[in-house]
Number of protein chains: 2
Amino acid sequence: MVDNAEKKLLADTGHRIRETRAAQGLSLEQLARLTGISAPALSLIETGKRDPRLTTLNRIADALRVPIAALTANLSGIEEPNTPLPYEGYDLGDYQ
Amino acid sequence: MVDNAEKKLLADTGHRIRETRAAQGLSLEQLARLTGISAPALSLIETGKRDPRLTTLNRIADALRVPIAALTANLSGIEEPNTPLPYEGYDLGDYQ
DNA sequence: ACCGACCTTACCGTTAAAGATAAATTACCT
DNA sequence: AGGTAATTTATCTTTAACGGTAAGGTCGGT
């Protein structure tokens with residue numbers, strides 16, 4: 001469960017990065033120079049084969065001039081205020 | 001430039017995680033069980049001493065039932081609107 | 001066909017994330 | 001004060017991110 005969801009997260013995030021980069025007419029090599037991240041590493045991230053660190057994601061977002069949130073696929077089931085979760089909550093006793 | 005900004009990013013992100021966890025009355029040990037991430041690792045992340053991977057951040061966001069964007073500090077200089085490309089920016093003349 | 005720009009994949013070395021455990025520290029109680 | 005929970009820090013091992021380089025692959029253009 002975790003594994004497939006995480007693969008999808010990485011794939012979707014990579015997709016968003018690639019779309020954003022392509023929309024700006026940047027090549028991997030250009031983005032590599034802008035971010036300091038090598039082009040092979042960027043390729044792996046964009047194809048969902050690598051699990052980037054937060055600072056890596058931040059450097060990409062900075063270079064593409066979008067917030068990190070624009071790159072992180074949001075498939076966790078939560079989006080806006082409070083989506084009622086399909087599964088059991090934990091004991092959040094003093095919450096509310 | 002990158003270094004200080006990244007430290008601040010990690011510190012701010014960790015702070016948001018801690019605030020969200022505390023607001024739900026969860027201990028590090030409880031969050032560790034929910035995420036599969038060890039309590040020492042969570043402590044390092046919350047105190048900004050570790051650079052978490054995207055899937056790690058995602059597991060934390062899932063357990064806290066907030067989107068990843070709620071945890072990632074947004075100090076990249078860009079705000080909210082996902083600019084659909086004004087496209088006259090980006091002076092990459094020196095690159096290319 | 002060749003060419004050139006772009007992307008992918010594979011290998012290697014360095015570095016750091018992450019789990020486990022234990023120890024030390026701090027906070028919060030009565 | 002003592003006691004307990006919570007958190008931090010330290011050490012170790014395994015795993016993977018990342019850069020570098022080189023090789024392979026794809027596509028469009030002349």
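Just so it is clear: chains get the letters A, B, ... in the order the sequence lines come, proteins before strands, and each one is counted from 1. Heavy-atom basis, side chains included; hydrogens, waters and symmetry copies ignored.
Separation of atoms CG (A:L10) and NE2 (A:H15) is listed at 13.5 Å; rounding is to 0.5 Å. Atom CG of A:L34 sits about 10.5 Å away from atom CD of A:E29, to the nearest 0.5 Å.
In this entry the distance linking CD of B:E46 with P of D:dT8 reads 7 Å, nearest Å. Computed from coordinates, the A:L34 CG to D:dG19 P distance equals 14 Å when rounded to whole Å. Atom CG in B:L44 sits about 11 Å away from atom C1' in D:dT7, given to the nearest Å. Spacing between atom CG of B:L26 and atom C1' of D:dT7 amounts to 15 Å, rounded to whole angstrom units. Computed from coordinates, the B:L28 CG to D:dT7 P distance equals 4 Å when rounded to whole Å. In this structure, CD of A:Q30 is placed 11 Å from C1' of C:dC6, rounded to the nearest angstrom. Between B:L31 atom CG and D:dT8 atom C1' there is a gap of 16 Å when expressed in whole angstrom units. Following rounding to the nearest Å, A:L10 (CG) and D:dA16 (P) show an atom-to-atom distance of 13 Å.
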* Structure fact -> Given protein heavy atoms under 4.0 Å, the one-letter contact record of nucleotides 18-23 of chain C, with B base, S sugar-phosphate only and - none, is simply BS-B--
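Contact annotation: B:K49 side-chain N/O to D:dT9 OP1/OP2 distance is under 4.0 Å.
Cluster annotation: B:I17 and B:I37 are assigned to the same hydrophobic cluster (Ile/Leu/Val/Met/Phe/Trp/Tyr, side-chain heavy-atom contacts under 4.5 Å, transitive).
With B:D51 as reference, A:T55 is the one residue of A:T55, A:N58, A:T56 to meet the side-chain hydrogen bond (donor to acceptor under 3.5 Å, both in side chains) rule.
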* Asked: Do A:L54 and A:I68 pass the side chain to side chain contact (heavy atoms under 4.5 Å, CB included) test, and can you show the C-alpha distance, the side-chain angles, and the key distance before you say yes or no?
  -> CA-CA 9 Å; A:L54 177 54; A:I68 295 180; 4.2 Å; yes
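Within 4.0 Å (heavy atoms only), B:R33 reaches no atom of the nucleic acid at all.
The backbone N or O of A:S27 lies less than 3.5 Å from a partner atom in the side chain of A:Q30, making a donor-acceptor pair.
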